[in-house]
Amino acid sequence: MRLLLLAFIAGLSGNLYVFSTDETQGDLERKIVKHTLSNGMKLVLLERHDAPVISCANVVHVGSVNEEAGYTGLAHMFEHMAFKGTRRIGTKNYEEEAKLLNKIDAVVDQILEEKSKGTEINKTKLEGLQGEFKRLQEEADKHVDSNEFGFLIEKNGGSGFNAFTSSDFTCYLVSMPSNKLELFIALEADRLLNPVLREFYKERDVVKEERRMSVEDQPLGKLVEEALSISFKAHPYGWPTVGHMSDLDSLTRSKAVEFYKKYYVPNNMVLAIVGDIDVKETIKLAEEYFGKIPRGSQPKRVATVEPIQEGERRVDVETTAQPAYGVVYHKPNSFSKDEAVFQCINEILANGRTSRLYKKLVKEQKSALYVGSMSNFPGYEYPNLFVVYSIPTTGHTVEEIEKVIDEEIELLKSQLVTDSELKSAKSRIQVNAIRQIDSTLMFAVQLASTESLTGDWSEMTKGLERIKSVTAEDIKRVATEYFKKSNRSVARLVTKAQTN
Amino acid sequence: MAVKDISERLINFDIGEALKIRLENGLTLILKPISIFPITYIRTFAEVTSADDPKDRSGLAHITGSMFDEGIKTPTKEWDYNKIADFVESKGSVIQTHTNGIAIKTLSRYVVDMLEICRDVLVYSSFPEERLQKIKNDTITEIRSRKDDPRHELMNVFRENVYYGTPLTSPDIGYESSVASISRDEVIGFYLRFYRPENTTIVIAGDFNQAEVLGCIRKYFMDWKVEGEFHPNSYSFVPVPPKQLVMIKKQTFQSNIIFGHVGTTRENPDFYKLRVLETILGRGPLFYDRLSSQIREKNGLAYEVWGVLTRDADKFPGTVAIYIGTENKNRDKALQMAKDIVADFAANGPTLQELEGSKEYVLRSLFSQWETIEGYAYYLLNVVRFNKQFDFYREIARSVSELDLETARRLSGEYLRPDELITVIAGPE
């Protein structure tokens, strides 16, 4: 959801490996308990009794990658709807409300059908339907107890109650006092078992405002959308998580219910709880509440495979804004044997102030305000992108930036990185990993998302082990294999004057 | 009952061992050992803001802060920016500069090395001319980039108008022309005036050995002295009446709107009571504050909408500010709705139910600030800056729990003044 979305994706993209130090790794692995409920829902639990608090992250293995063409934004939209309550929470009279919601669905279907007639639209009929839609919505609103679900969480000491949608998964998170464990489990089970997508069309308007704010009025947001769009011509990683505006206009409540039934099944979820819990008691409560939810069909992985790119692709986004530059290279997914190598390249090339590109562009040539890179964009699960991006300083151009980035990438292919560079990069990866989990809530998110995507939360620690064994030769080999012109796309933000 | 419970929990809460020391040279130290993760956070904080920028040199405080890690010259070593970065990052640590000092986050096993580098950049910065030009150029690029974001420009214009006639009117980062004219001598003069031990606090929170760190601090900072006596600036904050409506023409899909007026300082005894009130008006959780529930939830007019009574309040007055981002066609409707909500809140204040719920929320959120080591560091830094004790949370708990409906209604009318609102709109004409 909501405000956390972009910040969180930025934080997650790049490194799924989190963990601290060798001396505590063994302890952690012993303490974490994994349990699968009878309906296939997984739990990952860690007892930590430092404070009377529990941090909970429920990851549903569904993201924008699972959407269909014409319905982009549905995963994110559903995430918004998961805060709207259930048959028991958020309503003053569910039976009456349900009747009205069904009537609204029928009218919306008629509106969409009329709109689909193009030049044959009957405007009078359409206006009548829209009037009826408005009237029914106002009627339904009378039965809504707005925000009751969130109010219950807050009233019982919850904090950080939030959610976010990525390309691969959707995560719901909250911290609660530990004596409210049963209440949390009961509420979470209720919203998974009995969600009511009330106020759907108003929330759709809110999401459209989110898109206007984060993409349409943000030059860098537009650039990212264009870069993804030209990089993936087949795979849904090319679609924006927030959705295209016209697709948002077509989203309906019934389509969202269909989406929910397909993906929000217990065998597609991982709940991680870190904090002041008793593991046995927690499993018992989870079985009691979540166990009621029937197992569903296991959602299928996305079958579409992005065809091999056979030539460089480029896009210029014309704007009145300051210029910016991004280059993306196709690479395997984050669980491939070479991911550790990409992580090291990321550090050496453009992450941090001792990285090669930072030294060259920002410090020496002073031609860039900023340069950075990340692996695994926009998601982890399917073959994805390695990204390098930069913003030129006043008086410098994207062409100058591109030239330097190309030169440094060529150097990775032609020369071995030094031992000290590699050692420092590995050290920084380890510290970054610790920094990412310095709150228990973030730790719960990492546990649940890693378990959800890999089937094994301990990939968090194994990833770091693989980084230890990366060699300079590995870096040269991987750079040569993937950082080819034919395998890349270039996206530039250019001022209108520059292109005219 | 819930407010009473949580208030008692706070009053009975023990923040644990923490130490405050003032060295002979006037430097204040705060040490807070916490053994959650093997990380230590070091933050140095000088009492200086952009309000201290001289006339026509807006951005000087920002530039000076940005220059700390660009070069050092100590009695035993001379390092350029590369060597500083190499040293810090080779230890897997991160250093960040701020207008008022530096922040370092490090694995605890390198805390001694990082305290030394902290001393070096704070006491022995060399402010190389060539790097100053680079930082100025970067800052100018950033000023231009911010203009690409309609919300940044909106906030700048709002600030200029709300604080018109006071030293707070300029943006922290400065203007292109003022930044371009800053010289190295001015940076050094500004540094020597404000970044001095008697005007600085260092807070260290994390997993460290207290005796070892204390020894290091004494060794590294005891001899830090700056000639002359420190005289902080004193200002008059009586804003000149500004324009009531300012329009920024922008070809955007959304209209960005902010309105408000000058608020109060953090030193005000009513500060946490105002936090309770603003939670009801427009910064509550999960969109059930009045602005969000009406404008976002009930009418779907905005993704982002908020309203606060204490925005940026510190030792200087903050602002009362209400923000809405809405589709252009809904601009007038959303703005009128927000103004009506504000007028009603100023006239009638909250309901008893809203008040009790908000008190509970504000008290609970005090706990969440201690979820990270940075959270501890900033809490302790602020209680020291405002001459409070480490258990200031107990005072807050009492102040908030005692807030009754009559007082809440009086404060709503006193601190929210609909007839003084300045409105700034960025969007198509």
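Each chain gets a letter, A, B and so on, in the order its sequence line appears, and its residues count up from 1.
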Asks: Is A/T320 in contact with chain B via its backbone, its side chain, both, or neither, using a 4.5 Å heavy-atom distance?
Replies: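 The backbone, not the side chain.
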Asks: Less than 4.5 Å to any heavy atom of chain A: does that hold for the side chain of B/I84, its backbone, both, or neither?
Replies: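 Contact with chain A: none, neither part.
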Asks: Which atoms of B/E130 come close to chain A, meaning under 4.5 Å heavy atom to heavy atom: side chain ones, backbone ones, both, or neither?
Replies: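 Backbone plus side chain of B/E130, per the 4.5 Å heavy-atom cut-off to chain A.
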Asks: For B/S365, which atoms come within 4.5 Å of any heavy atom of chain A: side chain, backbone, both, or neither?
Replies: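 The answer is neither part of B/S365.
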Asks: Under 4.5 Å from any heavy atom of chain B, what part of A/P392 do you find: side chain, backbone, both or neither?
Replies: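 The backbone, not the side chain.
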Asks: Given the options B/G375, B/G357, B/A302, which has more heavy-atom pairs under 4.5 Å with chain A than any of the others?
Replies: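 Maximum pair count with chain A is reached by B/A302.
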Asks: Rounded to the nearest 0.5 Å, what separation is found between the CD atom of B/E304 and the OG atom of A/S214?
Replies: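 The OG atom of A/S214 is 10.5 Å from CD of B/E304, to the nearest 0.5 Å.
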Asks: Find the distance between CG (B/D289) and CG (A/N147) and round it off to the nearest 0.5 Å.
Replies: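 That separation rounds to 9.0 Å.
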Asks: Sort B/R144 into side chain, backbone, both or neither according to what part of it lies under 4.5 angstrom from a heavy atom of chain A.
Replies: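 For B/R144, the contact with chain A is made by backbone and side chain together.
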Asks: Does A/K202 reach the main-chain N or O of B/K298 with its side chain, forming a donor-acceptor pair under 3.5 Å?
Replies: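 Yes; at least one donor-acceptor contact below 3.5 Å.
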Asks: Applying the salt bridge (Lys or Arg N to Asp or Glu O under 4.0 Å) test to B/E327, which of A/R212, A/K208, A/R211 qualifies?
Replies: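 Exactly one pass, corresponding to A/R212.
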Asks: Among A/E364, A/K426, A/Q218, A/K363, which residue forms the greatest number of heavy-atom pairs with chain B at distances under 4.5 Å?
Replies: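 Option with the top pair count is A/K363.
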Asks: By a 4.5 Å heavy-atom criterion (distance strictly below it), what part of A/K423 contacts chain B: side chain, backbone, both, or neither?
Replies: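 Looking at A/K423, nothing touches chain B.
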Asks: Could you look at B/N82 and say if it's the side chain, the backbone, both or neither that has a heavy atom under 4.5 Å from chain A?
Replies: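 Both parts, backbone and side chain.
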Asks: Counting neighbours of CG on A/D419 that are heavy atoms of other residues, nucleotides or ligands and sit closer than 6.0 Å, is the number greater than 12?
Replies: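 At most 12 heavy atoms, drawn from other residues, nucleotides or ligands, come within 6.0 Å of this atom.
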Asks: Please identify, among B/T326, B/N299, B/I140, the residue contributing the most non-hydrogen atom pairs under 4.5 Å to chain A.
Replies: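 Top count of heavy-atom pairs under 4.5 Å with chain A: B/T326.
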Asks: Run the ring pair (Phe, Tyr, Trp, His ring centres under 6.0 Å) test against B/Y393 and tell me which residues pass, sequence neighbours left out.
Replies: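 Only B/F13, B/W370 meet the ring pair (Phe, Tyr, Trp, His ring centres under 6.0 Å) criterion with B/Y393.
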Asks: Where do A/D205 and B/G300 come nearest, in terms of heavy atoms and distance?
Replies: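 Closest approach of A/D205 to B/G300: CB-O, 3.3 Å.
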Asks: Check ring pair (Phe, Tyr, Trp, His ring centres under 6.0 Å) between B/Y175 and all other residues, then give those that pass, not counting sequence neighbours.
Replies: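 Partners of B/Y175 by the ring pair (Phe, Tyr, Trp, His ring centres under 6.0 Å) criterion come out as none, since no residue qualifies.
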Asks: To the nearest 0.5 Å, tell me how far A/S146 OG sits from B/R296 CZ.
Replies: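 If I round to the nearest 0.5 Å, the distance is 11.0 Å.
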Asks: Within this structure, what is the CG-CD distance for the pair B/D149 and A/Q322, rounded to the nearest 0.5 Å?
Replies: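 Output value for this atom pair is 12.5 Å.
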Asks: If we define contacts as heavy-atom pairs under 4.5 Å, which of A/G352, A/S159, A/G157, A/P219 has the most with chain B?
Replies: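 Winner by heavy-atom pair count: A/G157.
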Asks: If we define contacts as heavy-atom pairs under 4.5 Å, which of A/L220, A/V207, A/T393 has the most with chain B?
Replies: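 Heavy-atom pair counts peak at A/T393.
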Asks: Donor-acceptor check, side chain of B/D138 to backbone of A/L369, threshold 3.5 angstrom: yes or no?
Replies: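 Flag not set: sc B/D138 to bb A/L369 has no pair under 3.5 Å.
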Asks: Could you walk me through whether A/R353 and B/D69 satisfy the side-chain contact (heavy atoms from CB on, under 4.5 Å) test, starting with their C-alpha distance in whole Å, then the side-chain angles of each, then the deciding distance to 0.1 Å, before giving a yes or no?
Replies: CA-CA 11 Å; A/R353 300 197 308 171; B/D69 62 345; 2.5 Å; yes
Asks: Is A/D217 reaching over with its side chain to a backbone N or O of B/Q254, donor-acceptor style, under 3.5 angstrom?
Replies: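 Yes; judged by distance alone, with no hydrogens or angles, the pair exists.
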Asks: Is B/F253 close to chain A through its backbone or its side chain, or both, or neither, when contacts mean heavy atoms under 4.5 Å?
Replies: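 For B/F253, backbone and side chain are both near chain A.
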Asks: Could you state the interatomic distance from CD (A/E154) to OG (B/S358), rounded to the nearest 0.5 Å?
Replies: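 Atom-to-atom, A/E154:CD and B/S358:OG are 11.0 Å apart.
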Asks: Between the main-chain N or O of A/T354 and the side-chain N or O of B/E89, is there a donor-acceptor pair closer than 3.5 Å?
Replies: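 Checked: pair present.
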Asks: Whether the A/T394 and B/T141 side chains hold a donor-acceptor pair (N or O, under 3.5 Å, no angle test) is what I'd like checked.
Replies: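 Their side chains do contain a donor-acceptor pair, which is all the 3.5 Å distance test asks for.
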Asks: Name the region of A/K359, side chain, backbone, both or neither, that has any atom closer than 4.5 Å to a heavy atom of chain B.
Replies: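 The side chain, not the backbone.
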Asks: Under a 4.5 Å heavy-atom cut-off, does chain B meet the side chain of A/E199, its backbone, both or neither?
Replies: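 It is the side chain, since no backbone atom gets that close.
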Asks: Roughly how far apart are A/R428 CZ and B/S93 OG, rounded to 0.5 Å?
Replies: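 So the gap between those two atoms works out to 11.0 Å.
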Asks: Applying side-chain hydrogen bond (donor to acceptor under 3.5 Å, both in side chains), run through B/Y303 and A/E209 and close with a yes or a no.
Replies: CA-CA 5 Å; B/Y303 171 69; A/E209 290 300 335; over 6 Å; no
Asks: Given heavy-atom pairs under 4.5 angstrom as the criterion, report whether the side chain, backbone, both or neither of A/V362 touches chain B.
Replies: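 The answer is both parts of A/V362.
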Asks: Can you give me the closest heavy-atom contact between A/S427 and B/S90, atom names plus distance?
Replies: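 Scanning both residues completely, I find the closest heavy atoms to be OG-O, 4.1 Å.
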Asks: Below 4.5 Å, heavy-atom pairs only: which of B/Y361, B/F367, B/Y81 has the largest tally toward chain A?
Replies: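 That would be B/Y81.
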Asks: Which atoms of A/A425 are under 4.5 Å from chain B, going by heavy atoms: the side chain, the backbone, both sets, or neither?
Replies: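 Looking at A/A425, nothing touches chain B.
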Asks: Report the option among B/E142, B/Q133, B/E360, B/K147 that has the most heavy-atom pairs separated by less than 4.5 Å from atoms of chain A.
Replies: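 Looking at each option in turn, the highest pair count goes to B/E360.
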